[in-house]
*Asks:* 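Following this message is one structure expressed as structure tokens.
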Amino acid sequence: MKDMTDNGPLIPRQRDMHPVPYDPDYKTSVPRSPKWPLLSMESTPSEETGPRFGNSLLGPLDNNLILNFSKDGSPAIGERILMHGRVLDENARPVPHTLVEIWQANAGGRYRHVKDNYLAPLDPNFGGCGRTITDAEGRYQFLTIRPGAYPWPNRANDWRPMHIHISVFGHSFGQRLITQMYFEGDPLIDRCPIAATIKNRSQLDRLVAPLDMARARPLDFLAYKFDIVLRGRRQTMFENRLEGM
Amino acid sequence: MVQPLDTLIETPSQTAGPYVHIGCIPTFAGLPGVYPQDLGLSPIAPGAKGQIITITGAVIDGTGWALRDAMMESWQPDAAGLFAGQEGADPAVSGFCRFAADKDSGLFALTTVKPGPVPQRGGAMQAPHISLWVVARGINIGLSTRIYFEDEDNSTDPLLARIEQRPRVDTLIAKKTGEGQYRFDIRLQGDHETVFLDI
Ligand SMILES: [Fe+3]
């Protein structure tokens, strides 16, 4: 029997729980934000299906950013951290076997990218990307270094708080989400115009990963926990309308 | 006070930023070798059934400038309207593609098989379309839209029928520029702003 919560339409997005598209303090959003309202509609198979990726995709170091760019096995420079958590849906059920990708700056706050010419040096052993697939309980983990804060051209002296970018698929194309993880205690979070595009404070707090000493490994790495909630699907058990598929 | 709900709220989005390519298409971003190849290089494998088409376009901001840093993902069924994983679906169609605007011209190109029509809940038929998701620096939550085709019958498509301002329907329709060739521009803002979906 198919699980009923996998049959219904996607729960509509609560747009007020997300960042505002247009925010003058984040200058690039000004010309890149739609002005017309979105067209709201119940999801269809086009949004309810989505790509699936198997574990055969993964190499052994894909979720180890400390080593996955190193040519000779030397570790990347920086504070060693474990980033871990669960992917759940709005019905509080785990999302198993889904692809999670991350990217980040190095310990000095520099990205390995042609357009990043910040003063901080590149680390020859650090690339800055990783990926993994959640297990049967929706759990994932990455071993990486804590990224540095970095300045960016926006207002005259804007700095990004330390952050890791995260991309998650879920099982439906309509669940697709990209977000950023911040670190507990970083004073730059409250000064960041990108973080401030989220107007609901408790929603912004959900992007701040707490230090998790229960998962820190003595003499090796600290740990930060970051759970991710994707859109869920409405239960359809009392609906007698014919299912489309 | 009332009982707490057992449901959770979706994690808020944040912009993909200027370096999304590092995480999603690292070989394209100049980090070869981390993965054997970038994910979603093509939505089809050799032998895919149906008409092979190429859709070219640009993501254009409110000033008329084509974004050089946009990344897109497409999702679609095979030529018979079946999605990967569904019974009878063409094994040569994964249906998923990741592609980026060219860093010099801003142009993107998607080569795929033309999708078939897909029924929606209740049985109404949707005209052939490709779902598209656009992220970039300055886009705080990924933008969803659809590519329909000028040479298909779009007259009874339920989504297009919901667009009240009829001149806007045209923003979702790829224009045929040659045999198997289409043009589809995404306008984030301004004249002919693309219809984006909350779906
Ligand atoms: Fe960043």
Side-chain angles (χ1 to χ4, degrees), chain A residues 9 13-14 17-21 28-29 31-36 38-41 43-47 49-52 59 68-69 88 90-92 101-103 111-115 127-129 165 167 173-174 176-180 194 197-198 203 206-207 228-231 241-244, chain B residues 6-20 22-24 26 29-31 34-35 39-40 61-63 67 73 75 83-85 94-96 118-123 126 129 131 133 135-144 146 159 162-163 188-189 193 195-199:
Chain A
R13 262 199 163 120
Q14 290 180 254
M17 298 287 122
H18 281 283
V20 293
T28 314
S29 75
R32 294 185 172 194
S33 44
K35 287 231 187 327
W36 289 92
L38 305 177
L39 178 66
S40 296
M41 238 184 85
S43 64
T44 76
S46 303
E47 295 76 36
T49 57
R52 300 285 187 116
N68 73 4
F69 197 75
L88 305 165
E90 289 171 291
N91 298 309
E101 298 160 298
I102 65 170
W103 63 101
Y111 283 93
R112 187 172 285 280
H113 193 281
V114 285
K115 282 202 277 188
C129 65
H165 297 264
S167 157
F173 198 55
R176 199 76 184 79
L177 182 73
I178 284 180
T179 188
Q180 301 182 26
I194 288 178
T197 59
I198 300 170
Q203 280 294 91
R206 295 180 59 206
L207 298 186
I228 299 157
V229 177
L230 302 179
R231 292 174 73 185
R241 242 168 85 187
L242 186 69
E243 290 282 319
Chain B
D6 296 327
T7 47
L8 304 174
I9 298 172
E10 189 188 12
T11 298
S13 168
Q14 288 272 263
T15 180
Y19 306 124
V20 58
I22 293 176
C24 294
L31 286 76
V34 185
Y35 310 139
L39 191 75
D61 74 10
T63 73
L67 273 60
E73 291 179 356
W75 174 243
F83 290 96
S94 78
F96 173 71
V118 177
Q120 66 179 38
R121 198 170 275 97
Q126 307 186 83
H129 64 271
S131 297
W133 190 66
V135 296
R137 179 170 63 98
I139 296 176
N140 292 331
I141 178 164
L143 296 169
S144 300
R146 286 182 174 186
L159 184 142
R162 286 281 290 269
I163 301 174
L188 300 178
Q189 196 187 86
E193 179 182 306
V195 173
F196 295 104
L197 307 175
D198 175 36
I199 190 165

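FYI, side chains are in, hydrogens and waters are out, and symmetry mates aren't considered; it's all heavy atoms of this structure.
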*Asks:* I'd like to check A/V229 versus B/I9 (side-chain heavy atoms, cut-off strictly below 4.5 Å). Are they in contact?
*Replies:*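 Side-chain contact under 4.5 Å: no.
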
*Asks:* Using side-chain heavy atoms (C-beta onward) and a distance below 4.5 Å, is A/P19 in contact with B/S13?
*Replies:*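 Answer yes - side chains close enough.
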
*Asks:* Taking side chain as C-beta onward, heavy atoms only, is A/W36 less than 4.5 Å from B/V195?
*Replies:* no

*Asks:* Would you check, one step at a time, whether the test side chain to side chain contact (heavy atoms under 4.5 Å, CB included) holds for B/D198 with A/L39?
*Replies:* CA-CA 6 Å; B/D198 175 36; A/L39 178 66; over 6 Å; no

*Asks:* Looking at chain A, which one of B/G62, B/G30, B/A16 has the largest number of heavy-atom pairs inside 4.5 Å, strictly under?
*Replies:*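 Of B/G62, B/G30, B/A16, B/A16 has the most heavy-atom pairs under 4.5 Å with chain A.
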
*Asks:* Find the one option among B/D6, B/L31, B/T7, B/V118 whose heavy-atom pairs under 4.5 Å with chain A are most numerous.
*Replies:*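 Option with the top pair count is B/L31.
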
*Asks:* Out of curiosity, B/Y35 OH to A/N68 CG, how far, rounded to the nearest 0.5 Å?
*Replies:* 6.5 Å

*Asks:* Would you mind reporting whether A/Y111 and B/P18 have side-chain heavy atoms less than 4.5 Å apart?
*Replies:*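 No; the side chains remain at least 4.5 Å from each other.
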
*Asks:* Say whether, by atom type as modelled, one donor and one acceptor occur between the side chain of A/R112 and the main chain of B/A29 under 3.5 angstrom.
*Replies:*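 No.
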
*Asks:* May I ask you to name which of A/I198, A/L88, A/I228 has the most heavy-atom pairs under 4.5 Å with chain B?
*Replies:*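 Most heavy-atom pairs within the cutoff with chain B belong to A/I198.
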
*Asks:* First locate atom OG1 of B/T15, then atom CZ of A/R32, and finally report the distance between them rounded to the nearest 0.5 Å.
*Replies:* 8.5 Å

*Asks:* Measuring from atom OG of A/S46 to atom CD1 of B/I199, what distance do you get when rounded to the nearest 0.5 angstrom?
*Replies:*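 One gets 7.5 Å once the value is rounded to the nearest 0.5 Å.
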
*Asks:* To the nearest 0.5 angstrom, please state how far the CG atom of B/D61 sits from the OG atom of A/S33.
*Replies:* 10.0 Å

*Asks:* Is the shortest distance from a Lys or Arg side-chain nitrogen in A/E47 or B/R146 to a carboxylate oxygen in the other one below 4.0 Å?
*Replies:*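 Salt bridge present between A/E47 and B/R146.
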
*Asks:* Which region of B/S144, side chain (C-beta onward) or backbone (N, CA, C, O), has a non-hydrogen atom less than 4.5 Å from a non-hydrogen atom of chain A, or is it both or neither?
*Replies:*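 Neither part.
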
*Asks:* Side chain to side chain contact (heavy atoms under 4.5 Å, CB included), that's the test. Do A/W103 and B/V20 meet it? Break it down for me.
*Replies:* CA-CA 7 Å; A/W103 63 101; B/V20 58; 3.8 Å; yes

*Asks:* Side-chain contact, heavy-atom cut-off 4.5 Å: B/E193 with A/P34?
*Replies:*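 Yes; the side chains approach each other to less than 4.5 Å.
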
*Asks:* So do the side chains of B/E10 and A/L230 get within less than 4.5 Å of each other, counting heavy atoms only?
*Replies:*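 They are not in side-chain contact.
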
*Asks:* Can you say whether A/Q203 sits under 4.5 Å from chain B via the side chain, the backbone, both, or neither, judging by heavy atoms?
*Replies:*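 The answer is both parts of A/Q203.
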
*Asks:* Is A/R176 paired with B/E73 through a side-chain N to carboxylate O contact shorter than 4.0 Å?
*Replies:*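 Yes.
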
*Asks:* Under a 4.5 Å heavy-atom cutoff, which of A/K115, A/Q180, A/R231, A/E90 has the most pairs with chain B?
*Replies:* A/E90

*Asks:* How close do B/T11 and A/H18 get, heavy atom to heavy atom, and via which atoms?
*Replies:* O-CE1, 3.4 Å

*Asks:* What distance separates B/L143 CG from A/L38 CG, expressed to the nearest 0.5 Å?
*Replies:*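 Answer rounded to 0.5 Å: 7.5 Å.
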
*Asks:* With a 4.5 angstrom heavy-atom cut-off, which part of B/F83 approaches chain A: side chain, backbone, both or neither?
*Replies:* side chain

*Asks:* Is the ring pair A/F173/B/F96 parallel, tilted or perpendicular, if the boundaries are 30 and 60 degrees?
*Replies:* perpendicular

*Asks:* Within the 3.5 Å criterion, strictly below it, is a donor on B/Q14 or A/H165 matched to an acceptor on the partner's side chain?
*Replies:* no

*Asks:* With a 4.5 angstrom heavy-atom cut-off, is it the side chain or the backbone of B/A84 that approaches chain A, or both, or neither?
*Replies:*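 It is neither, since no heavy atom gets under 4.5 Å.
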
*Asks:* Can you find a heavy atom in the side chain of B/V34 that is under 4.5 Å from one in the side chain of A/F69?
*Replies:* yes

*Asks:* Measure across B/Q126 and A/P45 and return the closest heavy-atom pair with its distance rounded to 0.1 Å.
*Replies:* NE2-CD, 4.1 Å

*Asks:* State whether the side chain of A/T44 and the backbone N or O of B/Q120 hold a donor-acceptor pair below 3.5 Å, judged by distance alone.
*Replies:*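 Not a single qualifying donor-acceptor pair exists.
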
*Asks:* Ignoring hydrogens, what is the shortest heavy-atom contact between A/S29 and B/N140? Give both atom names and the distance.
*Replies:*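 Smallest interatomic distance, heavy atoms only, reads CB-ND2, 4.1 Å.
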
*Asks:* Checking A/S167 against chain B: side chain, backbone, both or neither under 4.5 Å from a heavy atom?
*Replies:*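 Contact with chain B involves the side chain of A/S167 alone.
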
*Asks:* Counting only heavy atoms closer than 4.5 Å, note whether A/V20 contacts chain B via side chain, backbone, both or neither.
*Replies:*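 Backbone only.
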
*Asks:* Of the non-hydrogen atoms in A/C129 and B/G23, which two are nearest, and what is the gap between them?
*Replies:*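 Taking A/C129 first and B/G23 second, the nearest heavy atoms are CB-CA, 4.0 Å.
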
*Asks:* Just verifying a value: how many Å separate B/I22 CD1 and A/I102 CD1, rounded to the nearest 0.5 Å?
*Replies:*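 B/I22 CD1 to A/I102 CD1: 12.0 Å, rounded to 0.5 Å.
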
